[in-house]
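Numbers restart at 1 for each chain; the letters A, B, ... are given by sequence-line order, proteins then strands.
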Amino acid sequence: MKLTKDFYLDQDVTNIAKHLLGKVLVTRLDDKLTSGIIVETEAYCGRTDRASHAFPNKVTGRTQTMFKEGGLAYIYFVYGMHHLFNVVTNLVGQPDAVLIRSVEPTQGVKWMKKRRRMDRVDRFLTGGPARLTQALGISVNFNGISLLGDQIWIEEGYQPSSNLIMVSTRVGVDYAGTDAQLPWRYFLKENPFVSKGL
DNA sequence: GAGTAGATCGGCT
DNA sequence: GCCGATCTACTCG
């Protein structure tokens with residue numbers, strides 16, 4: 001069951017970041033189906049949050065995707081080599097997004113191993129924002145495409161009980177001043193595919 | 001296990 | 001010109 005448009009239109013991006021835990025991210029490329037359960041996310045609010053590329057509601061070539069209606073993929077390139085995948089949320093003109101930081105592999109493990117050039121199934125396969133995009137074959141080519149289509153989408157999974165949902169500050173956003181202290185990272189307790197503890 | 005350097009390039013000032 | 005929503009390989013111990 002693919003998530004529908006209305007899921008992505010919630011105006012509180014932290015709600016969506018929380019609710020994405022336990023859902024399943026799926027890609028289909030060249031008939032290779034790969035998927036994983038979302039176990040770690042971070043919320044970014046472009047209007048108020050200095051950690052967001054779109055702060056403060058700044059439209060540029062890179063950020064324009066985030067200003068569109070919720071339900072699209074926002075993918076950007078960093079450190080000269082990594083592609084990071086985000087879910088665009090909220091209404092048109094509100095540049096909010098959720099970074100997907102880790103998934104737990106489910107389908108297509110064979111393809112994921114091949115894309116990652118490794119032969120184990122542990123957090124090094126799909127834990128970490130750049131690792132999961134590589135494992136699922138996501139690149140900037142997918143920037144701006146719909147999450148309701150047939151190349152990349154998110155499905156219903158399970159609803160984690162609230163005592164398993166952990167909250168912390170976000171990773172790698174020290175440049176954001178006091179906004180670096182916001183508790184906008186969510187992850188599943190003791191899940192071995194989460195990128196780092198806390 | 002912890003700590004650190006190096007890779008590598010698009011976006012923005 | 002600087003630096004990044006990161007990862008890997010390598011060191012030391």
N/O-N/O pairs, protein side and nucleotides 4-13 of chain B side, under 3.5 Å:
from: B:dT8; atom 1: O2; to: A:Tyr79; atom 2: O; distance (Å): 2.6
from: B:dC12; atom 1: OP1; to: A:Thr60; atom 2: OG1; distance (Å): 2.5
from: B:dC12; atom 1: OP2; to: A:Thr60; atom 2: OG1; distance (Å): 3.3
from: B:dT13; atom 1: OP1; to: A:Lys58; atom 2: NZ; distance (Å): 3.3

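- The hydrophobic clustering, which links ILVMFWY residues whose side-chain heavy atoms are closer than 4.5 Å, places A:Val109 and A:Ile138 together.
- No side-chain heavy atom of A:Gln94 sits less than 4.5 Å from a side-chain heavy atom of A:Gln11.
- The aromatic rings of A:Tyr74 and A:Tyr76 sit parallel, their planes meeting at an angle under 30°, below the 60° perpendicular limit.
- Remark: P of C:dA5 and NE2 of A:His83 are 15 Å apart, rounded to the nearest angstrom.
- Straight-line distance from the CG atom of A:Asp96 to the C1' atom of C:dA5: 15 Å, rounded to whole Å.
- OP1 or OP2 of C:dT8 has at least one side-chain nitrogen or oxygen of A:Arg116 nearer than 4.0 Å.
- In this structure the side chain of A:Met112 reaches within 4.5 angstrom of the side chain of A:Leu136, judged on heavy atoms.
- Checking C:dT8, C:dT6, C:dA5 against the side-chain heavy atoms of A:Ala130 singles out C:dT6 as nearest.
- Of the candidates A:Val98, A:Val13, A:Leu72, A:Val88 forms a side-chain contact (heavy atoms from CB on, under 4.5 Å) with just one, namely A:Leu72.
- At least one side-chain nitrogen or oxygen of A:Arg101 sits closer than 4.0 Å to the OP1 or OP2 atom of C:dT6.
- Classification of A:Arg170 and A:Asp49 as a salt-bridged pair holds, one side-chain N sitting under 4.0 Å from a carboxylate O.
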